[in-house]
K.L.:
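Sharing a structure here in structure tokens format.
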Amino acid sequence: MNHVRVRYAPSPTGQLHIGNARSALFNYLFARHFGGDFIVRIEDTDVARNVKGGEESQLSNLSWLGLDWNESPDKGGKFGPYRQLERLDIYQKYAEELLENGLAYKEYRDDGKKFAIRFKVPADVDYVFKDIVRGELKFSSKDVEDWILMKDNGIPTYNFAVVIDDHLMEITHVLRGEEHITNTPKQIMVYQAFGWKIPEFGHMTIIVNENKKKLSKRDKNVIQFISEYKEMGYLPQAMFNFISLLGWSPTDNQEILTKEEIIKSFDPARLSKAPAMFDKDKLAYVNSKYIKALPIDTLVGLAKPFLENAKIEIQSEEWLKLLVGIFQDRMSFIGQIVDLYHAFFHDTFELSSEAFQFLVENNSHSILEAFHNHLEASDFKAETIELLIKQTGLDTQTKGKPLFMSVRIATTGDMHGPSLPISLALLGKDLVLKRLKTTMTKLRGES
Ligand code: GLU
């Protein structure tokens, strides 16, 4: 393949959306796989829709995802400027060329001064192109009316500016969303009018929600902005991995892949023709896999701000590490640690009748008493607690479920949970002793 140049061309109309992130990511993968250039160009000609900070948000979220680019408004490059509103004289010049060649005409406004420039669509011509995703597509010029190249305010329309830029920026492949398929014949007309080489086009399928409806920004059931995932504590590597599977899959259908593996195995021939399903559960699964694989110190560093924001008192660095450690395998996203913490440190201590029945049937009072006595003088470290549970077992000649479950129920109130010694160390001596006493009193009342 000749030197590949692809681009992601967002309009700065808001935050980076999952659909746009996918367009950017697939272009990035295409460029990196083929050793080409990845360019970011800002298409800001729809002035009324531009939002302040839109460009920065696009770029900062892309780089958070782990993308980097060769040319862009912030980085520059030899094909700049990379913002369309800074290229108005370029579009003007090419529009005039079409006027001179009789391929476009002026359409005057009522004031007799201002005019738009319309493209003169050739009669009865077929536009055929081989789409990288969909194969051959064919459109007739009969279905396209003369369309506006330049508005009367001197700003080009998308379909005109995109061709001028893609040509001048030497773009070889245009990968974008399916909603642009019907724009493609208009763009081909412009390439032909100038006698320019037409790039290859590839239109990626829509992304649908779990009800097979096109993902819409108004759909409140699906979180759709990259910044929101970032704020919740999704990991960029996991997002990168997940988004790469929205309409593409590697030959072995493996689901957890590093960036390098994805770049290496990326194959545009494997872009799916079927809509890509945005599966929230799969995203949670992928993210949890990445969380599990993090070194504990890294995860502690990432989790700490969430706990601090939730005004949870961090008792010590050691305590924090224990806390994060017991939940590492249970988090779908790091911010979830706050809910897990609250579920674990619930204020109320009530035993279900099932749990209480267990204590009664297993003669747990003596176990709890022995354990309580050992704990009173202990340093309350998890390792010590573990030994003391064993010692209690020896003292009372119990082991296995009657021993461990009795202690768990009487101290946490739950019949299931994370590592018992660590749980108790986290709950702390005062609370554990108090709960043991409460439970013993209740048991005595029963006998
Ligand atoms: N600005 C267009 C969009 O955001 C770009 C389309 C294209 O890639 O040609 O949809």
Side-chain angles (χ1 to χ4, degrees), residues 6-28 38-65 67 69 71-75 80-88 90-91 116 147-166 169 171 174-184 186-187 201-209 213-231 236 239 243 246-247 276 278:
V6 292
R7 83 305 190 274
Y8 166 58
S11 300
T13 53
Q15 292 271 324
L16 181 62
H17 181 260
I18 200 95
N20 273 338
R22 186 203 38 183
S23 294
L25 190 86
F26 282 14
N27 277 287
Y28 170 82
F38 173 53
I39 291 125
V40 178
R41 179 176 73 225
I42 299 294
E43 301 205 328
D44 51 2
T45 56
D46 196 350
V47 181
R49 294 187 59 224
N50 292 344
V51 301
K52 208 163 170 271
E55 177 184 320
E56 291 75 12
S57 152
Q58 290 276 337
L59 294 177
S60 67
N61 283 299
L62 287 179
S63 64
W64 178 77
L65 275 176
L67 273 60
W69 40 91
E71 298 159 33
S72 66
D74 61 332
K75 219 175 158 168
Y82 294 90
R83 286 184 200 99
Q84 290 189 324
L85 285 181
E86 293 169 15
R87 301 171 62 80
L88 295 182
I90 302 176
Y91 311 122
W147 52 279
I148 293 180
L149 299 169
M150 297 288 283
K151 292 182 270 185
D152 60 22
N153 58 5
I155 295 182
T157 56
Y158 155 70
N159 277 313
F160 184 50
V162 75
V163 174
I164 306 299
D165 290 348
D166 284 344
M169 295 181 185
I171 299 301
V174 170
L175 301 176
R176 60 188 172 198
E178 163 177 296
E179 66 276 16
H180 290 293
I181 288 184
T182 51
N183 286 322
T184 309
K186 290 184 179 172
Q187 296 173 16
F201 294 101
H203 290 93
M204 292 169 276
T205 58
I206 54 166
I207 302 175
V208 293
N209 65 18
K213 291 246 162 57
K214 185 176 180 208
L215 213 60
S216 123
K217 289 180 189 167
R218 287 177 295 276
D219 189 346
K220 292 281 170 261
N221 289 321
V222 188
I223 299 167
Q224 298 181 35
F225 293 103
I226 299 300
S227 56
E228 294 176 278
Y229 284 104
K230 179 179 166 188
E231 280 158 25
M239 294 300 293
I243 296 170
L246 287 175
F278 187 92

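Remember, predicted model here, so these are calculated numbers, not experimental data.
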K.L.:
Given the rule in the side chain to side chain donor-acceptor pair (under 3.5 Å) test, do S72 and D74 qualify, once you have shown the distances and angles that lead to the verdict?
P.N.:
CA-CA 5 Å; S72 66; D74 61 332; 2.3 Å; yes
K.L.:
If you measure from CZ on R22 to CE on M204, what distance do you get to the nearest 0.5 Å?
P.N.:
5.5 Å
K.L.:
Taking it one step at a time, do N20 and H17 satisfy side chain to side chain donor-acceptor pair (under 3.5 Å)?
P.N.:
CA-CA 5 Å; N20 273 338; H17 181 260; 5.7 Å; no
K.L.:
Quick one: CD on Q15 to CD on E228, what's the gap to the nearest 0.5 Å?
P.N.:
8.0 Å
K.L.:
Going by heavy atoms in the side chains, are I155 and L85 under 4.5 Å from each other?
P.N.:
yes
K.L.:
Any side-chain heavy-atom pair from T45 and K151 closer than 4.5 angstrom?
P.N.:
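Side-chain contact under 4.5 Å: no.
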K.L.:
For P236 and W64, which heavy atoms make the closest approach, and how far apart are they?
P.N.:
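Shortest heavy-atom contact: CB-O, 3.0 Å.
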K.L.:
Under a 4.5 Å cut-off applied to non-hydrogen side-chain atoms, are V222 and S216 in contact?
P.N.:
no
K.L.:
How long is the gap from CG on L65 to CD1 on I226, to the nearest 0.5 Å?
P.N.:
5.0 Å
K.L.:
So F225 and I223, do their side chains get closer than 4.5 Å, heavy atoms only?
P.N.:
no
K.L.:
Ignoring hydrogens, what is the shortest heavy-atom contact between Q58 and L16? Give both atom names and the distance.
P.N.:
OE1-CD1, 3.3 Å
K.L.:
Taking salt bridge (charged side-chain N to carboxylate O under 4.0 Å, His left out) as the definition, give me every residue that meets it alongside R83, ordered by chain and number, with sequence neighbours left out.
P.N.:
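Once residues adjacent in sequence are excluded, the partners of R83 under the salt bridge (charged side-chain N to carboxylate O under 4.0 Å, His left out) criterion are E55, E86.
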K.L.:
Y82 versus K75: any side-chain heavy-atom pair under 4.5 Å?
P.N.:
no
K.L.:
How would you list, by chain and number, every residue that makes a side-chain hydrogen bond (donor to acceptor under 3.5 Å, both in side chains) with R176, sequence neighbours excluded?
P.N.:
Y158, T184, Q187, H203
K.L.:
If I take atom CG from residue D152 and atom CD1 from residue I148, how far apart are they, to the nearest 0.5 angstrom?
P.N.:
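Output value for this atom pair is 8.0 Å.
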K.L.:
For a 4.5 angstrom cut-off between non-hydrogen side-chain atoms, does L149 reach K186?
P.N.:
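They are not in contact (no side-chain heavy atoms under 4.5 Å apart), so the answer is no.
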K.L.:
Could you tell me whether the side chain of H180 reaches within less than 4.5 Å of the side chain of F201, counting heavy atoms only?
P.N.:
no
K.L.:
Can you name the closest pair of heavy atoms from I243 and F26 and give their distance?
P.N.:
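Minimum heavy-atom contact is O-CE1, 3.8 Å.
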K.L.:
Is it true that N50 and D44 share a donor-acceptor pair across their side chains at a distance under 3.5 Å?
P.N.:
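On atom types as modelled, these side chains do not qualify, holding no pair under 3.5 Å.
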K.L.:
Please name the pair of heavy atoms, one in T205 and one in E178, separated by the smallest distance, quoted to 0.1 Å.
P.N.:
CA-OE1, 3.6 Å
K.L.:
For L246 and A276, which heavy atoms make the closest approach, and how far apart are they?
P.N.:
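That would be C-CB, 3.6 Å.
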K.L.:
Measure the shortest side-chain to side-chain distance between V162 and N183 over non-hydrogen atoms and say whether it is less than 4.5 angstrom.
P.N.:
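They are not in side-chain contact.
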K.L.:
Of all heavy-atom pairs between A24 and L62, which one has the smallest distance, and what is that distance?
P.N.:
CB-CD2, 3.6 Å
K.L.:
Quick check against the 3.5 Å criterion: does S60 have a side-chain atom that pairs as donor or acceptor with the backbone of E56?
P.N.:
yes
K.L.:
Do D219 and N209 meet the criterion of a side-chain donor-acceptor pair at a distance under 3.5 Å?
P.N.:
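Yes - a donor-acceptor pair under 3.5 Å links their side chains.
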K.L.:
From Q224 CD over to L215 CG, what is the distance, rounded to the nearest 0.5 angstrom?
P.N.:
4.0 Å
K.L.:
Just how far is it from atom CG of L59 to atom OH of Y8, taken to the nearest 0.5 Å?
P.N.:
9.0 Å
